[in-house]
Amino acid sequence: MSEYSTFRVPVTGGALAGGAWGPADAPTTLVAIHGITASHLEWPLIAERLPETRVLAPDLRGRGRSNELPPPWAMADHADDVARMMDAFGVESAVIAGHSMGGFVAGWFAARHPDRTRALVLVDGGLPLPFRIPEGVPPEDVPALLLGPAGDRLSRVYPSREEYARFWRAHPAFVDGWNDAVAAYVDYDLDEVEGGFRPSSRLAAIATNIVQQDGSGGYREALASIDVPSLFLRAPRGLLDEVPGLYPDGVLEASADLLPGLRIVDVPGVNHYGIVMADAGADVVAARLREVIAGAYAAPAATKDGK
């Protein structure tokens with residue numbers, strides 16, 4: 001088991017929380033960024049498969065133990081928080097990986113901090129997604145529409161930790177994929193409130209970010225500016241274990257050309273959660289990350305102009 005500890009580091013408005021795995025003096029560093037309603041505890045199965053690499057994983061602003069940090073909550077702001085996290089650990093550059101929405105934060109990081117990005121790995125996220133918004137929906141109602149059932153989950157108070165765990169055990173993505181890492185992830189996701197427990201993610205932060213996954217706000221241009229080795233790992237199944245997943249061929253082909261030189265690898269037999277939180281997904285993702293890390297640290301880090 002890789003050595004694990006939690007941390008809090010200074011950022012604008014307070015302290016950013018997260019977790020670190022591996023030896024503090026490791027010769028290689030992986031920054032691992034979680035999805036939209038998740039936390040750093042997405043990553044232990046990956047970290048334990050990379051025991052010689054330092055893995056630094058934040059709880060993004062508005063989530064986990066960083067949920068009391070104030071706005072701004074834009075993707076680019078999350079990326080700058082990641083840079084401050086690296087400063088606190090004395091890490092000049094690293095391989096940057098992001099899962100789901102974390103892939104968008106990773107993409108912004110690579111564009112805004114090219115000199116600190118040795119390579120970029122997008123795990124079933126980070127490429128623009130096409131949103132189908134019905135005609136007549138006011139702009140202010142779009143976040144709630146896109147959140148769907150997740151909005152209800154984040155708003156509810158659960159009478160006990162066990163009740164929240166039962167919700168996730170019945171979730172289609174975890175019916176056949178429950179393990180100790182998922183159990184710890186679910187338990188960590190709770191804040192104690194009057195009447196029970198509530199998921200830690202702040203709805204306002206989630207609503208801000210969910211609409212930014214369409215590639216607007218300069219993100220497409222940011223992707224085009226990235227000039228480091230880049231890899232996309234795709235899950236064939238979606239958030240509810242459905243087929244196709246978030247990136248069927250048409251969506252992937254439309255977005256992949258935005259990032260020059262992007263390599264695409266399918267991770268067989270996993271859904272959007274299991275690609276990092278199930279053994280089958282973690283085996284493949286960690287193996288690919290190991291290859292990327294070895295290559296990135298064999299070559300010099302990018303210079304400030306991304307070359």
Residue pairs involving residues 55-75 (criterion ring-ring contact (aromatic ring centres under 6.0 Å, His included); sequence neighbours excluded): none
R234 with D266: basic N within carboxylate O range, under 4.0 Å: yes
Qualifying residues under salt bridge (Lys or Arg N to Asp or Glu O under 4.0 Å), relative to D77, sequence neighbours excluded: none
4.5 Å side-chain heavy-atom contact, I210 and I36: yes
OG on S100 to NE2 on H34, rounded to 0.5 Å: 10.5 Å
Shortest non-hydrogen contact between A205 and G62, atoms and distance: CB-CA, 4.1 Å
Rounded distance [0.5 Å steps], CG in D187 versus CZ in R161: 4.5 Å
E68 atom CD, over 12 foreign heavy atoms within 6.0 Å: no
Rounded distance (nearest 0.5 Å) linking atom CZ of R166 with atom CD of E163: 4.5 Å
Approximate separation, where rounding is to 0.5 Å, of L262 CG and L120 CG: 8.0 Å
R290, CZ: over 12 other non-hydrogen atoms inside 6.0 angstrom: yes
Step-by-step side chain to side chain contact (heavy atoms under 4.5 Å, CB included) determination, L127 to F104: CA-CA 7 Å; L127 295 178; F104 292 82; 5.8 Å; no
Heavy-atom pair of closest approach, residues L56 and P58: O-CD, 4.1 Å
Path from I46 to Y4 over hydrophobic side-chain contacts below 4.5 Å: yes
Approximate separation, where rounding is to 0.5 Å, of L50 CG and L45 CG: 11.0 Å
Atom of D59, atom of S66 and distance for their closest heavy-atom approach: O-OG, 2.6 Å
Which atom of A184 lies closest to which atom of L41, heavy atoms considered: O-CD1, 3.8 Å
Between R63 and N209: side-chain donor-acceptor atoms closer than 3.5 Å: yes
Neighbour count above 12 (heavy atom, 6.0 Å) for E221 CD: yes
Exercise: do S201 and T37 side chains pair donor with acceptor under 3.5 Å: no
R116 NZ/CZ over F109 ring centroid, <6.0 Å and within 45° of normal: no
is_close_aromatic(H171, Y273), centroid dist under 6.0 Å: yes
NZ/NE/NH1/NH2 to OD/OE distance under 4.0 Å, D189 and R153: yes
Audit row: R84, D81, salt bridge (charged side-chain N to carboxylate O under 4.0 Å, His left out) steps and yes/no: CA-CA 5 Å; R84 301 293 79 76; D81 282 344; over 6 Å; no
Separation between CG of D176 and CG of D241, rounded to the nearest 0.5 Å: 7.5 Å
Exam field: side chain T29 to backbone P27, donor-acceptor pair closer than 3.5 Å: no
Selection residues 179-217 - residue pairs positive for ring-ring contact (aromatic ring centres under 6.0 Å, His included), sequence neighbours left out: H40-Y188
Test log, rule side chain to side chain contact (heavy atoms under 4.5 Å, CB included), inputs E242 and R237: CA-CA 5 Å; E242 77 281 13; R237 310 180 76 88; over 6 Å; no
Parallel, tilted or perpendicular: rings of W108 and Y219 (30°, 60°): tilted
Salt bridge (Lys or Arg N to Asp or Glu O under 4.0 Å) involving R156 - partner list, sequence neighbours excluded: none
Side chain to side chain contact (heavy atoms under 4.5 Å, CB included) between H99 and H272, worked out: CA-CA 9 Å; H99 170 241; H272 182 70; 3.8 Å; yes
Residues that D279 engages under salt bridge (Lys or Arg N to Asp or Glu O under 4.0 Å), provided they are two or more places apart: R49
Under the salt bridge (Lys or Arg N to Asp or Glu O under 4.0 Å) test, residues paired with D152 that sit two or more places apart: none
Positive for side chain to side chain contact (heavy atoms under 4.5 Å, CB included) with V267, one of V284, D283, V276: V284
Closest contact, heavy atoms only, L69 versus R202: O-NH1, 3.4 Å
Full working for salt bridge (charged side-chain N to carboxylate O under 4.0 Å, His left out) between D191 and R198: CA-CA 5 Å; D191 284 338; R198 177 177 287 154; over 6 Å; no
Test side chain to side chain contact (heavy atoms under 4.5 Å, CB included) applied to R54 and L30, step by step: CA-CA 6 Å; R54 184 69 157 162; L30 170 70; over 6 Å; no
Joint hydrophobic cluster, L246 plus L240, side-chain heavy atoms closer than 4.5 Å: no
Under 3.5 Å: donor-acceptor pair, side chain of S155, backbone of G151: yes
Donor-acceptor under 3.5 Å (E52 side chain, A26 main chain): no
